[in-house]
Each structure stands twice: as structure tokens, then as C-alpha cells.
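Before any comments, here is the structure.
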Amino acid sequence: MPAAATQPLVEGVDCKNGHFNDPAVRFCQLCGIAMLQVTHVTRLGPRPPLGVLLLDNGMTLRADADYVVGREPERDADVAAGRARPLRIADSHGGISRRHLRIRLSGWQVQVLDLGSANGTFVQEPGAQEAPPVPPAQPVTIRPGTKVIFGRRWLRYESHRNP
């Protein structure tokens with residue numbers, strides 16, 4: 001099965017060179033051409049990766065699927081069903097739950113969802129000093145440069161996208 005057939009479909013627009021993009025971006029993600037030159041006629045197409053997740057230990061993951069983060073993320077029903085990937089995080093301090101949080105892709109957005117963890121999940125927006133908690137079971141949309149803190153660990157979402 002081709003990779004595009006397994007990717008979720010989202011509404012997007014093509015730049016004048018035919019590259020599929022988020023309707024909210026000002027420049028094409030592939031060729032960099034200004035999207036102002038395009039009549040924004042949307043169509044359904046396979047969602048490209050939305051960026052990367054950079055872990056505090058240097059590990060990098062493509063933001064092209066949902067992830068369940070924790071000490072034992074494979075216990076999550078969505079991981080078992082193939083709807084999310086497991087991201088196992090070692091934790092010698094006891095601050096990370098077995099199923100701590102989920103990184104969810106919704107349309108063209110990246111969201112963080114605390115899965116009822118014991119110690120909470122916190123989101124620090126770019127340039128912010130504070131990192132407010134993510135309410136359990138309520139998705140919080142994050143933008144590029146946002147740091148997600150869980151236990152004594154963290155990851156940061158980065159992307160060329162800056163709608």
C-alpha cells in the first residue's frame with residue numbers, strides 16, 4: 001500500500017508549483033513561494049509531516065503520527081490498535097506515568113493531551129517564563145517552539161510552519 005494511502009486526509013491548498021500546503025501558511029513548505037499568488041481553492045490531500053519532536057536527550061521524531069508518551073505507552077489502547085506510536089521514556093525519578101501524555105495531530109495542528117498522569121504535563125510557549133499545566137483529557141494546541149514538560153523530561157515541537 002502506498003504511504004499516501006495511509007496518511008490522514010486534510011483540507012489544503014496547492015502552491016502554483018503544485019505542492020500541497022496548510023491553507024493558513026504564507027509560504028509553500030517545499031519551494032518557499034508566497035502563497036499570496038494562489039487562489040485558495042481547498043482540496044483534500046494526504047497530510048505531510050507537521051514538523052519534528054525534539055527530546056531533551058537529542059532524539060528526534062517526525063511529527064507525522066500521534067504518539068503516546070510514558071514509561072509503558074504500549075499499554076494504551078490506541079497504541080495497541082495502531083492509531084498511535086509508543087514513545088517509551090526512561091524515568092529513574094518516578095515523575096512519568098505509564099501512559100503520561102499524547103501528542104495528537106488534528107488537521108494541521110499539533111495538540112498535547114495529558115492522559116490523567118500523576119504529576120501532570122506542562123506547556124511552555126516560545127519566549128514564556130511560565131509553563132501552565134495541561135488540564136487532564138483536554139487537548140491543548142501547541143505551536144512551533146513550544147516545550148512540553150513531563151516529570152523531569154521535556155520535548156519541543158519544531159516546524160517550518162508558522163501560520
Side-chain angles (χ1 to χ4, degrees), residues 1-70 73-74 76 78-89 100-115 121-132 134-135 137-150 153-163:
M1 178 181 294
T6 61
Q7 292 174 290
L9 297 178
V10 293
E11 286 231 11
V13 296
D14 292 317
C15 76
K16 79 175 201 173
N17 294 324
H19 304 131
F20 190 63
N21 287 275
D22 178 349
V25 297
R26 296 181 356 201
F27 300 95
C28 175
Q29 66 180 358
L30 292 176
C31 67
I33 193 168
M35 296 296 288
L36 298 174
Q37 303 171 4
V38 178
T39 304
H40 285 276
V41 177
T42 62
R43 69 172 178 89
L44 281 180
R47 179 181 54 221
L50 299 181
V52 293
L53 303 173
L54 305 172
L55 272 69
D56 56 3
N57 65 0
M59 183 179 186
T60 303
L61 304 162
R62 287 175 61 161
D64 62 352
D66 289 9
Y67 288 91
V68 174
V69 181
E74 53 282 336
D76 188 89
D78 286 332
V79 170
R83 292 185 296 268
R85 294 181 187 151
L87 177 53
R88 181 183 280 258
I89 302 290
H100 198 100
L101 68 103
R102 183 180 184 127
I103 302 294
R104 181 166 77 181
L105 307 184
S106 177
W108 292 94
Q109 303 298 313
V110 177
Q111 299 177 329
V112 175
L113 184 71
D114 184 271
L115 298 174
T121 302
F122 304 84
V123 171
Q124 186 176 21
E125 291 287 329
Q129 299 300 314
E130 301 290 320
V134 173
Q138 293 183 22
V140 172
T141 300
I142 61 173
R143 60 188 175 108
T146 299
K147 185 185 277 190
V148 179
I149 303 163
F150 48 100
R153 305 289 306 270
W154 58 266
L155 62 82
R156 192 174 66 237
Y157 167 54
E158 291 293 347
S159 178
H160 65 282
R161 299 176 62 248
N162 199 8

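Throughout, numbering of the chain's residues begins at 1 and tracks the sequence. What you see below is based on every heavy atom in this structure, not just the backbone, and it leaves out hydrogens, waters and symmetry mates.
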Going through the distances and angles, do Asn17 and Ile33 end up as a side-chain contact (heavy atoms from CB on, under 4.5 Å)?
CA-CA 8 Å; Asn17 294 324; Ile33 193 168; 4.3 Å; yes
From CA spacing to verdict: side-chain contact (heavy atoms from CB on, under 4.5 Å), Ile142, Val123
CA-CA 8 Å; Ile142 61 173; Val123 171; 3.9 Å; yes
Under the salt bridge (charged side-chain N to carboxylate O under 4.0 Å, His left out) rule, what do Arg43 and Glu11 come out as? Steps first, then yes or no, please.
CA-CA 5 Å; Arg43 69 172 178 89; Glu11 286 231 11; over 6 Å; no
Test salt bridge (charged side-chain N to carboxylate O under 4.0 Å, His left out) applied to Asp66 and Arg102, step by step:
CA-CA 7 Å; Asp66 289 9; Arg102 183 180 184 127; 2.8 Å; yes
Walk me through whether Ile103 and Val112 qualify under side-chain contact (heavy atoms from CB on, under 4.5 Å).
CA-CA 5 Å; Ile103 302 294; Val112 175; 4.0 Å; yes
Residues Phe122, Val148; criterion side-chain contact (heavy atoms from CB on, under 4.5 Å); working and verdict:
CA-CA 6 Å; Phe122 304 84; Val148 179; over 6 Å; no
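Between Leu155 and Leu61, every side-chain heavy-atom pair lies at or beyond the 4.5 Å cut-off. Counting heavy atoms from C-beta on, the side chains of Leu55 and Leu87 come closer than 4.5 Å. In this structure, Met59 and Leu54 have side chains that are not in contact, with every pair of non-hydrogen atoms separated by 4.5 Å or more. Counting heavy atoms from C-beta outward, Val13 and Phe20 have side chains that stay 4.5 Å or more apart. Put simply, the side chain of Arg85 does not reach to within 4.5 Å of the side chain of Val79, judged on heavy atoms. The closest side-chain heavy-atom distance from Gln124 to Thr146 is not below 4.5 Å. The side-chain heavy atoms of Leu105 and Val110, taken from C-beta on, include a pair separated by under 4.5 Å.
Rounded to the nearest 0.5 angstrom, Gln29 CD and Met35 CE are separated by 9.0 Å. Between the CG atom of Asp78 and the CZ atom of Arg104 there is a distance of 10.0 Å, given to the nearest 0.5 Å. Atoms CG and CG, on Leu115 and Leu101 in that order, are 6.5 Å from each other to the nearest 0.5 Å. Going from atom CD of Gln111 over to atom OG1 of Thr141 covers 4.0 Å, rounded to the nearest 0.5 Å.
Not one N or O on the side chain of Asp114 forms a donor-acceptor pair closer than 3.5 Å with the backbone of Ala137. Panel note: side chain Asn21, backbone His19; a donor-acceptor pair is recorded below 3.5 Å. Although no hydrogens or angles enter the test, the distance criterion places no donor-acceptor pair under 3.5 Å between the side chain of Asp76 and the main chain of Val68. Looking only at distances, a side-chain donor or acceptor of Asp56 sits under 3.5 Å from a matching main-chain atom of Trp154. Checking side-chain atoms of Trp108 against main-chain N and O of Val25 turns up no donor-acceptor pair under 3.5 Å.
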Could you list the donor-acceptor pairs under 3.5 angstrom formed between side-chain atoms of residues 45-52 and any protein atom two or more places apart in sequence or on another chain?
from  : atom 1 : to     : atom 2 : distance (Å)
Arg47 : NH1    : Gly107 : O      : 3.0

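Counting all heavy atoms, side chain and backbone alike, Leu53 lies closest to Tyr67 at CD1-CD1, 3.9 Å. Here the shortest heavy-atom pairing between Pro126 and Gly145 reads CG-C, 3.5 Å.
A salt bridge links Arg88 with Glu74; the closest basic N to acidic carboxylate O contact falls under 4.0 Å.
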